[in-house]
Amino acid sequence: MVRVSDEVRRLRKRFEARAEESHVWESVQLARHADRPYTLDYAERLFSDAFELRGDRAFSDDEALIAMLARYHGQTVVAIGHQKGRDLAERTRRMFGMPHPEGYRKAIRAVELAERFGYPVLTFVDTPGAYPGVNAEERGQAGMIARSILAFCQASVPVVCSVIGEGGSGGALAIAVGDRVLMQENAIYSVISPEGCAAILWKDAGQARKAAYAFRPTAGACLDLGVVDAIVGEPKGGAHEDVDQAARLLDQAIRQALAEAESVSAAERRAARRAKFRRMGVWGVADEDGADTL
Amino acid sequence: MVRVSDEVRRLRKRFEARAEESHVWESVQLARHADRPYTLDYAERLFSDAFELRGDRAFSDDEALIAMLARYHGQTVVAIGHQKGRDLAERTRRMFGMPHPEGYRKAIRAVELAERFGYPVLTFVDTPGAYPGVNAEERGQAGMIARSILAFCQASVPVVCSVIGEGGSGGALAIAVGDRVLMQENAIYSVISPEGCAAILWKDAGQARKAAYAFRPTAGACLDLGVVDAIVGEPKGGAHEDVDQAARLLDQAIRQALAEAESVSAAERRAARRAKFRRMGVWGVADEDGADTL
Amino acid sequence: MAPVEVDVERPKGDDEPGRRHPNTCPSCRSHYRDDELRHALRVCAQCGHHFPVGALERIDQIVDPGTFEEIGTDLRAADPLAFVDLRPYTDRLLDAELATGLGDALVAGTGRVVGRPAAIAVMDFAFMGGSMGSVMGERFCLAADAALARGIPLISVTASGGARMQENILALMQMAKTVGAVDQLREAGVPYVSILAHPTTGGVIASFASLGDIVIAEPNALLSFAGPRVVEQTTGEKTAPDFGRAESNLRLGQLDAVVPRRELRAELARLLLLFSPAEDEPTGDQGPVPLPEDATIAGEGPVDRVLGRLGLGRRRG
Amino acid sequence: MAPVEVDVERPKGDDEPGRRHPNTCPSCRSHYRDDELRHALRVCAQCGHHFPVGALERIDQIVDPGTFEEIGTDLRAADPLAFVDLRPYTDRLLDAELATGLGDALVAGTGRVVGRPAAIAVMDFAFMGGSMGSVMGERFCLAADAALARGIPLISVTASGGARMQENILALMQMAKTVGAVDQLREAGVPYVSILAHPTTGGVIASFASLGDIVIAEPNALLSFAGPRVVEQTTGEKTAPDFGRAESNLRLGQLDAVVPRRELRAELARLLLLFSPAEDEPTGDQGPVPLPEDATIAGEGPVDRVLGRLGLGRRRG
Ligand SMILES: [Zn+2]
Ligand SMILES: [Zn+2]
């Protein structure tokens, strides 16, 4: 009943084959590893200098999402990233990297600052998702995520996004709309956590592993589906095994992506970014004759 | 010791003469008259249709400052104004026309909407001032007033502002930066209330009348000082004596001011608006010879 | 964390254990024949409760008869992940299409609203909980394209439990894709009016639906990123009965208005007038700008009664 | 309502009845000789209390010796309203000039900060409570003009009780005038760093001072539109001891950093580096970008110690 392209058939075959079964769950675990490097770990290694941009100029400073002016290979950039926190006190302060609307408002402010000065924007995506609390909702969590996505769409400066841990739902996407989107080998990126998916579709959060196999939050799947532009390698065993080496690999990838994004005019870049996301999605065409069905 | 221009000497002479003594205090009373028409009274009479724009998309809807899309002589405009409220319940709900930061955030949002569609902005200024409460301060009252002024500076659409009652301090100015600023005959406009000025300079709020004579919040003074572009007449006895007639007079003035503002290009308009406010202020030059002193 | 979920919750007390007939009012227990309810725009005559409205019926409610032209009709979900949970995604799609007669949870097209042209995108909660996947994203963009190409306003009516998990990351990307379409409208100065029906949650409210130049909600609609159950289960916080409801959202600055369904078409007509180009008016008169003759408004009198003068008072509250 | 006032308040307990010597620490009662305090950047060696700093001394603290060139020096208030309260405005001006040696409450100019050029605007609270009138507005704009003309960053240091009531409406207009100057900088992509010293209130914080691309405050500075006394008297609300203080403002999202005076010059050097044009770096190295040789930082060691690596940790908290 639905006619699909060769490309879709190829994708279906790949996912039906259920290759890399073990790798899927390993990625989920590595992406959430307690020692996995966070945004600040990379910032320390990638930037020769930095000044933190704090506050949303409206309500608070959300430490789950940090922003900074930073010097990257001799040029100034605006860096934005989720920050989970290393020990319990820092994790609590940073809400485990789950931003409130104030965090996204800070991100928008940072993008606007980059735009005023023509500085490229680099983002580091690592969040279980936006914080799902009453106060966050009351202060407009949904609308602020939408406005953050819009700010990234509107930016005419180069934007390079890197998924470095958990790319959790709208809370991640809010700072992940870029000219180039990179994803570390063991990072995950998905519309919902495996646990959340399992709780809803399997009616049992314990089926997270099964859900992860079904919906494939892996870098490989994201690349195949055209959602990310490149996979960034990690040291053997995961980024936490050698943070300096992980940073070098990420640095190389960002530097190349940035050079690509900088190679076109601002207007072309903005149009191309929008066009890239416009192409995302896979669909077929209703076919009354029943030919070439799923 | 300070050399001043002929213009300044002329101004000093005018104010030293203390003309219109009685008119000063009468204006203060008429501007605050319980029956004085408010923004909505004029909106009903000036606009053939309207849709209220509510909310700041961040924290709340501040009813002390209202915004609307409205049809004005066949064209759509964005109207923004303070609204005091007529009875006690409405006054309490509208905080006597004293906005919180959310009100100014709504104003900024309305200006941005006008900017997207090229709609002129009309403002109606009538507030004792921004609300001086703990919550308002904690949510960034000062910064939001600054950002509202900035939004009005940045707008490239025509902006016509009318002071229709109390033009109180930064809370008024936040929506009073326009290509043309009109002021009703009996409106007042000042950096502080007469009571506030008296409390600080005379150490006695009861000296408000004396303070008002000294600092002249009247339309005549504002015109002489180059702060407003035109005085709009009111019916005999004040705008409340014949609201329809007051609205007709205001309509005429706004319509002419709007036509003037629309007669130049967007870039010229923006530059001219900034230049106009840049010229504001009166100063002399230090003169070691002691000639032409104050 | 699971802020995006398909099976959205109803408010406490709304849902009795066991089944309830869809035409029985959950609020006052009045029961209606389907044609009765349809004629009343699916608003309870007794208590004003707003029942859900399917996409095609919603189009009938707001678009002038005979003017709707659908676009993107033949687009269908293609299941690139070959997704299977308790049931295959393809089975769920088939069931949804059979149940609703729709190809996906959003219907796009163009039409006239009280005489003025507009592009239209209307969602249907009955199709897999109004979940947003690739087809919805593309159809929304096609509606935006039509608005852009013809320079006419876009109107959307949303009802969604969030993103469609079966398309995982591609579903998430529809948020960026649809926001990009809104960005294009903004850049071109094309108006976008977003109407939020019960429930609009998850990825839909966190993308295009929140970005209308004007955002209007239906009374009592649940409008939140995370639903109240997710909030309570994840954070241990209690949610108030009005958590995320339209009226709370209005108070909290997220909406321009809460408009009862019976007044919705009139409000849209008012907005389309306000967003229409300037017209020369005859010699200083301030009368209302003329509207097409014979225009009527569902559930109300002639248009000019509604559009005649400033109606700010009615919308406040 | 009187949100703008000239005589700003001190925190509770700060002010004893009777007179206190200006070089006695209000916090720990340590007393200093003036040259001692000046050498310590007017920071109490015992408890870290930040004493007020005059405009010229502040310029000495942050601008490289011998590089400051003042502009707008001859501008003086002209008293167009012929204003008289308990004393004539002209008398107050004369007293203020004699007491401070300044022509008004803001000194404008250009100079170098750790080797990099910048336009400078520094306020002095001792001149009529740092109140903003026509001369301050014009001088701020002249500094912004210099930044614009030479494409160099603007740095302001504010300390103000608000607008100058004696110039009434013209004082209010300085808010619009100075914001217009900031708007020009923004349009041209010229950086503006705003440093808020105790107290920055009223019309100054509600205009240019809040619009820095970067906004930094000194510890414990009172930063609010209305002062605590006005809030309490007008609304009947109680204010907490940390009401409006720099640390509260940081928590409430209004500041990028609270920087102790001893680190201020180093932070400014860091920011001027970050706002300087991109430089080609040698073959993939990520070492710090070179700074002028011999650059030193007041109260600290050589520059490279401070600028060497990411300093995020220090500024947090
Ligand atoms: Zn009912
Ligand atoms: Zn001390």
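Proteins come first, then strands; the chains are lettered A, B, ... in the order of their sequence lines, and each starts at number 1.
Nearest approach of C:A176 to A:F277, heavy atoms of both residues: CB-CD2, 3.6 Å. Taking all atoms of both residues into account, the shortest heavy-atom contact from A:G133 to C:T235 is CA-CG2, 4.0 Å. Annotation for A:V4 and C:A78: closest pair CG1-CB, 3.7 Å, computed over non-hydrogen atoms. Heavy-atom minimum distance, C:D85 versus A:W202: CA-CZ2, 3.4 Å. Shown here for A:C197 and C:F83, the closest heavy-atom pair between the two residues is SG-CZ, 4.4 Å. Scanning all heavy atoms of the two residues, the minimum distance from A:G281 to C:S134 falls at CA-OG, 3.3 Å.
Between the CD atom of A:E138 and the CD atom of C:Q254 there is a distance of 10.5 Å, given to the nearest 0.5 Å. Atom CZ of A:R274 is separated from atom CD of C:Q184 by 4.0 Å, given to the nearest 0.5 angstrom. Of the inter-residue distances, the one linking A:L150 atom CG with C:S210 atom OG reads 11.5 Å to the nearest 0.5 angstrom. Atom CD in A:E137 sits 8.0 Å away from atom CZ in C:F225 (nearest 0.5 Å). Note that the CG atom of A:L225 and the CD atom of C:E167 stand 10.0 Å from one another [nearest 0.5 Å]. The structure places CE of C:M175 at 5.5 Å from CG of A:L173, a figure rounded to the nearest 0.5 Å.
Salt bridge annotation for A:R270-C:D183: present, with a cationic side-chain nitrogen under 4.0 angstrom from a carboxylate oxygen.
With a 4.5 Å cut-off on side-chain heavy atoms, A:V191 and C:M165 count as touching. Counting only heavy atoms from C-beta outward, the side chains of A:Y189 and C:L172 approach each other to under 4.5 Å.
Across C:C141, C:S207, C:G253, C:S224, the residue that shares the most heavy-atom pairs under 4.5 angstrom with chain A is C:C141. Between chain A and the residues C:L252, C:V182, C:V215, C:V204, the most heavy-atom pairs under 4.5 angstrom are made by C:L252. When each of A:C153, A:A136, A:S5 is scored by its heavy-atom pairs under 4.5 Å with chain C, the top score falls to A:C153. When the candidates A:V227, A:V134, A:V177 are compared by the number of heavy-atom contacts under 4.5 Å with chain C, A:V134 comes out ahead. Note: C:I169 leads C:T178, C:I169, C:L170 in heavy-atom pairs under 4.5 Å with chain A.
Neither the backbone nor the side chain of A:F152 has a heavy atom closer than 4.5 Å to any heavy atom of chain C. The part of C:D145 that comes within reach of chain A is its side chain, from C-beta onward, which places non-hydrogen atoms under 4.5 angstrom from that chain. Both the backbone and the side chain of A:Q154 come within less than 4.5 Å of a heavy atom of chain C. For C:L211, the part lying near chain A is the side chain, with the backbone staying farther off; criterion is any non-hydrogen pair under 4.5 Å. Of the atoms belonging to A:V282, heavy atoms from both backbone and side chain fall under 4.5 Å from chain C.
The backbone N or O of A:S190 lies less than 3.5 Å from no partner atom in the side chain of C:N168, so there is not a single donor-acceptor pair. With hydrogens and angles ignored, the 3.5 Å screen pairs a side-chain donor or acceptor of A:R12 with a backbone N or O of C:D79. Between the side chain of C:E138 and the backbone N or O of A:W283 there is no donor-acceptor pair closer than 3.5 Å. With hydrogens and angles ignored, the 3.5 Å screen pairs a side-chain donor or acceptor of C:K177 with a backbone N or O of A:R278.
Applying the side chain to side chain donor-acceptor pair (under 3.5 Å) test to residues at least two apart or on different chains, none of the pairs has a partner in residues 141-150 of chain A.
Heavy atoms from other residues, nucleotides or ligands lying under 6.0 Å from CD of A:E7 number more than 12.
Applying a 4.5 Å heavy-atom cutoff, the residues of residues 185-197 of chain C that approach chain A are C:R186, C:E187.
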